[in-house]
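Written below as structure tokens is the structure these notes are about.
First the proteins, then the strands, lettered A, B, ... as listed; each starts at 1. Source: prediction; values computed, not measured.
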Amino acid sequence: MQKPSIPKGTRDFSPVEMAKRNYIFNTIREVFHLYGFQQIETPAMENLSTLMGKYGEEGDKLLFKILNSGDYFSDVSDAELTERNTTRLAARICEKGLRYDLTVPFARFVVQHRNEITFPFKRYQIQPVWRADRPQKGRYREFFQCDADVVGSDSLMNEVELVQIMDEVFRRFGIRVCIKINNRKILSGIAEVIGEADKIVDITVAIDKLDKIGLEGVNNELRSKEISEKAIRQLQPIILLEGSNEEKLQQLKQVLGGSAIGLKGIEEVGYVLERIKLTPIQAELELDLTLARGLNYYTGAIFEVKALDVQIGSITGGGRYDNLTGVFGMEGVSGVGFSFGADRIFDVLNQLELYPADSLLTTQLLFVNFGEKEEAWMLPVISKVRAAGIRTELFPEAAKMKKQMGYADAKHIPFVAIVGESEMEQGKINLKNMLTGEQTLVAVEELIERFQSDK
RNA sequence: GUGAUUGUAGCUCAGUUGGUUAGAGCAUUGGCUGGUGGUUCCAAGGGUCGUGGGUUCGAAUCCCAUCAUUCACCCCA
């Protein structure tokens, strides 16, 4: 039994799912445009030299590599083959890989097109990315990212604007969210103050898990990373910091008094929070020090968005990274951006059933087909109806009524037009409302009017 | 990469301590004169029970291997 299948961690999207996904992407796109972001696309595959080494050792393993075409073994010596070193052999026979995220290809794009780009450059990008990960709930090997970044501007106004965009998008979706904000410089300050500056990655990774494994779990993990007991003790009040954002900042100022970088971080967060007050947002905005966002390339602001009404991981994340393009030889370009987790937003909207009814509609009107004479009569009518912007179908063959009605039903087409001999004689159309079952005899002009006044 | 879990029809699942021809619901297709669907009734198609081996007179059922699935960890969206 050879059932066809697709690779694990990939998905087919049905018409209904596509309608929902398009609603998500279109909403995000509209808001991006509203803030002056421009769309770009980059190839699915990049040179491996562009990708390798950008995501850490773990990331390199998760890259999908593409076998060279042609006789790729001809250049490989027998010694290399018998050595069976996968990594090294892969480097010899693969020179391309599938994109792992949108940020690195974007950095490459900026460097490559530096002379055509006007800075600050605000771009967005909605494309699939691929990771050779082991899939599990809500995690796929092919998934979509919706990134927006601003490069070439150090101003914190960009951070403010990004928060506004996140708020606007989730407001449009009708999802209640909490936007969490943190700053890498504060984390660095903390590590410095407790005397474990070189362990900053271990510390941030550990306290990022507070939600999941609790305080004891975090402390155990810190111990396993050989953080001193004294440092862990000093860390406790910081991890458990409470109160309003202002109160937290006040307390932090005391604790981090001796750290220049820490104070800088406090100042930055304070600025963003103050600015946001001038353009009130609907979402909650919370300073959360446990926010560390796994990857440690962020250097300033760190963002994360959580849905309030659904138990799910973060649905959006981002931050500022200085020297985005440094690895490609272009120094001094800072960027700040974030990424909507389209697949998780999809899950949230499904659970809360927040799709607007009209986002799921396709065909509005189906003409039943009784035969050649009727077809001839209906074709010009259908052209008129379509010209009026009504999404219309003619059933392609004179099948049984039951079949044609069933078709309309399965596609959730709200109106069916029935035209047989008696209708043709009167020059009218029998319009049936599939929800109420109600039928009325109308002229073409009247039919069009009904649809237009409906909107 | 680590640890578990589950593989029976297109989908969701039954299947007794191992016993003849493996079932149900949903879905699909057809029928109840080709002018009415979403909700009736009747019928049909569809499975070498993931694959390979073993134990047995006999395996969907027990054992081994293998592949696949799902979940958790690592990491991440």
Checklist entry - A/Glu142 CD to B/rA77 C1': how many Å, rounded? => result 14 Å
Checklist outcome for this item: In short, side chain to side chain donor-acceptor pair (under 3.5 Å) pairs touching residues 401-414 of chain A with sequence neighbours left out are A/Glu393-A/Tyr407, A/Glu393-A/Lys411, A/Tyr407-A/Lys411
Checklist entry - What does A/Tyr140 touch in the nucleic acid at a heavy-atom separation under 4.0 angstrom: a base, only the sugar-phosphate, or nothing? => result base
Checklist entry - Distance between the C1' atoms of B/rG18 and B/rU61, in whole angstroms? => result 6 Å
Checklist entry - Considering residues at least two apart in sequence or located in another chain, which fulfil the salt bridge (charged side-chain N to carboxylate O under 4.0 Å, His left out) criterion with A/Lys180? => result A/Asp288
Next on the checklist: Counting only heavy atoms from other residues, nucleotides and ligands, does the tally under 6.0 Å from CD of A/Glu229 exceed 12?
Outcome noted: yes
Item to check | Output field: ring centroids A/Tyr55/A/Tyr100 closer than 6.0 Å | outcome: yes
Checklist entry - In chain order, what residues pass the side-chain contact (heavy atoms from CB on, under 4.5 Å) check against A/Glu41, with sequence neighbours excluded? => result A/Gln39, A/Gln127
Item to check | Residues forming a salt bridge (charged side-chain N to carboxylate O under 4.0 Å, His left out) with A/Lys428, sequence neighbours excluded | outcome: none
Item to check | salt bridge (charged side-chain N to carboxylate O under 4.0 Å, His left out) partners of A/Glu161, counting only residues at least two apart | outcome: A/Lys122
Any N/O pairs under 3.5 Å between the protein and nucleotides 40-44 of chain B? List them or say none.
none

Checklist outcome for this item: A/Arg141 meets the side-chain hydrogen bond (donor to acceptor under 3.5 Å, both in side chains) criterion, sequence neighbours left out, with none
Checklist entry - Among all residues two or more places apart in sequence or in another chain, which pass the side-chain hydrogen bond (donor to acceptor under 3.5 Å, both in side chains) test with A/Ser383? => result none
Checklist entry - Under 6.0 Å from the CD atom of A/Gln439, do we count more than 12 heavy atoms belonging to anything else shown? => result yes
Checklist entry - When you measure from every atom of RNA chain B, which of residues 15-24 of chain A have a heavy atom less than 4.0 Å away? => result none
Checklist entry - Aromatic ring centroids of A/Phe340 and A/Phe170 under 6.0 Å? => result yes
Checklist entry - Mind checking the P distance from B/rG7 to B/rC62? Whole angstroms is fine. => result 10 Å
Checklist entry - Within the stacking criterion (centroid distance below 5.5 Å, interplanar angle below 30°), does A/Phe370 stack on B/rG34? => result no
Checklist outcome for this item: Whole-Å distance, A/Asp133 CG to B/rU70 P, equals 13 Å
Show each protein N/O and nucleotides 2-7 of chain B N/O combination with a separation under 3.5 Å, one pair to a line.
unit_1	atom_1	unit_2	atom_2	d
B/rU2	O4	A/Arg134	NH1	2.9

Item to check | Paired stretches of RNA chain B - 3 or more consecutive Watson-Crick or G-U pairs, each distance under 3.5 Å | outcome: B:1-4 with B:70-73, B:10-13 with B:23-26, B:28-31 with B:41-44, B:50-54 with B:62-66
Item to check | Spacing of A/Lys54 atom NZ relative to B/rC75 atom P, expressed in whole Å | outcome: 22 Å
Checklist entry - salt bridge (charged side-chain N to carboxylate O under 4.0 Å, His left out) with A/Glu95: which residues, sequence neighbours excluded? => result none
